[in-house]
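Heads up, the thing below is written out as structure tokens.
Counting starts at 1 for both ligands and their atoms, in listed order. Just the heavy atoms: all of them, side chains too, but no hydrogens, waters or symmetry mates, feed the values below.
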Amino acid sequence: MDPVQNKAMKSKATMAPLLEATLNHAIQYLDDLDKTPVAHTASLQELVTRFKEPLPTKGTDSITVIDQLVANTRDGLIGSSSGKFFAWVIGGEIPASLAADWLTSTWDQNAALYGHSPVGAVVEEVAGEWMKSLFHLPAECSFAFTTGCQQAHFTCLSSARFAQLERVGWDVNEEGLFGAPRVHVITTDQRHRSVDRAIRYLGMGNKAITSCKTKEDGCVDIDVFRSILEGITTAEDGSKKVAPIIIVLNAADLHVGAIDEFAILAPIAHEYGAWVHVDGAFGLFACASRKTEHLVKGIQMCDSWATDGHKWLNVPYDCGFAFVKNSDAHKKSMTISCDYCLPEKEARDQIDYNPEWSRRARGFNVYACLKELGREGVENMVDRCCGHCLRLVEGIGALPQAEILWRPTLNQGLLRFIDPAVDQTSADAIKMNDAFTEQVIDEINATGGAFFSSSRWRNLTVMRVSVVNWRTSDEDVENVIQKVTDALSARLASTSE
Ligand SMILES: *Cc1c(COP(=O)(O)O)cnc(C)c1O
């Protein structure tokens, strides 16, 4: 039903039933979170059948639309905001941030410019300064609120590309990359592939990337790192040359939470004039706790940092942050002027730092989250997640046929399961254990009481234990270990039949 034709819809009285119905759906969802299976239970076919129809010619009244949407999505949702979800790196929602996010949609501000939403710009600026303070980043850093870490990489690496080419006398804004000096990207072989995509978006291509070998601990090998830099900056005749170089390091990698040695690597990189960017999608939060900050020693010496709000900060999707020490390069690589948007002299215009034009006011939910938690609340959340990760890995690791592959130092750990029916000296033992590990994960997820994901790590199929949700309680952790115990015995019983 067209709400404009339905004139009554424009008045407050008629919005209320819809929004109240929606509120009740939301409350119901959150109340049931603990009782509902974490995994979805509807099949792909069922979901498609429910939704697939030609574009309707006639409209439907709004309450019916929402009621149907809720009924038809329910068992197709993953309970990733519950406390029993440990797959990938997916956070939940701090209550005030969820509420602020609703209001963000209600207010429907365009947070491109101060002029579009004065308070949107102010709140985003305050929240950005708070995020810098949370991570103890240098005061001179500029920042951008992006859709996620992928776009934060893009924003930071765009600034890096601008500055590194400027260093060799090339204006990339004017000339682009046609005929430009080659930009070298040195990164770790344990990087997240969103780094490769950002490099591609920036026109530098996969061939610009040199992967630095990592050591047993998952961190960049310092000698290899230095020799790559030497190679790039040494001309054929042995003389030294200046080259644009961007380095991307990890804080932390997604399998084992490996954090590169910034205190050593950043000074070496700077000897060669390179720009050091950090993928801190979740690991930057190690800066926010006194228990973990030693893991990221020296991180403040780097030049740019990308992280996420929707992971360890526990604000709703989608939210990421880019921080750039050289704010001039940041602004020059992003800013744009146009006839109809007058630059604000005193206020901060987000468009000067963001890749998007029109955009959601992402500051409100971040502000609300930090206001609810405070510095202490974030620190507690980080410590709690690390503790829960360790307990899960040790608790599950103590079960029969389980093997701990990585005891967490942050909030990521790895396990696998050994198939008891397989001769472990046989040639295909690894393959059989890989399959068994997948089966055990499926069995656990099928209980509905916990959810884990698998990955490939050092040629093995592994079960990841990744904890970033504020909601996970001590009780959840013990219940989950019990669920895993039951699922594993069920699997072992069926293999011995
Ligand atoms: C999730 C993740 C990314 C990508 O972040 P998005 O928010 O999904 O864009 C990058 N790096 C690491 C280490 C991650 O865990």
| Partner set under side chain to side chain contact (heavy atoms under 4.5 Å, CB included) for Ala368, not counting sequence neighbours | Ala96, Ala100
Distances for all N or O pairs of ligand 1 and the protein under 3.5 Å?
unit_1, atom_1, unit_2, atom_2, d
ligand 1, 5 (O), Asp308, OD2, 3.3
ligand 1, 7 (O), Cys149, N, 2.9
ligand 1, 7 (O), Asp308, OD1, 2.7
ligand 1, 7 (O), Asp308, OD2, 2.8
ligand 1, 7 (O), His310, NE2, 2.8
ligand 1, 9 (O), Cys149, N, 3.2
ligand 1, 9 (O), Gln150, N, 2.7
ligand 1, 11 (N), Asp279, OD1, 3.1
ligand 1, 11 (N), Asp279, OD2, 2.7
ligand 1, 15 (O), Lys311, NZ, 2.8

Could you go through residues 81-90 and list every donor-acceptor pair under 3.5 Å that involves a side-chain atom there, pairing it with any protein atom two or more places apart or in another chain?
unit_1, atom_1, unit_2, atom_2, d
Ser82, OG, Gly79, O, 3.0
Ser82, OG, Lys84, N, 3.2
Lys84, NZ, Asp34, O, 3.1

| request: Go through the steps for Arg456 and Asp434 under the test side chain to side chain contact (heavy atoms under 4.5 Å, CB included), then give the verdict. | output: CA-CA 9 Å; Arg456 293 286 297 166; Asp434 285 350; 2.8 Å; yes
| query | Got a sec, which pairs hit ring pair (Phe, Tyr, Trp, His ring centres under 6.0 Å) with one end in residues 358-390, sequence neighbours left out? | reply | Trp107-Phe364, Trp130-Tyr367
| query | At their closest point, which heavy atom of Ala160 faces which heavy atom of Ile246, and how far apart are they? | reply | CB-CD1, 3.8 Å
| message | What verdict does the side chain to side chain contact (heavy atoms under 4.5 Å, CB included) test give for Met463 and Ile444, after you've listed the backbone C-alpha separation in whole Å, the side-chain angles of each residue and the deciding distance to 0.1 Å? | response | CA-CA 11 Å; Met463 180 171 100; Ile444 297 168; 4.0 Å; yes
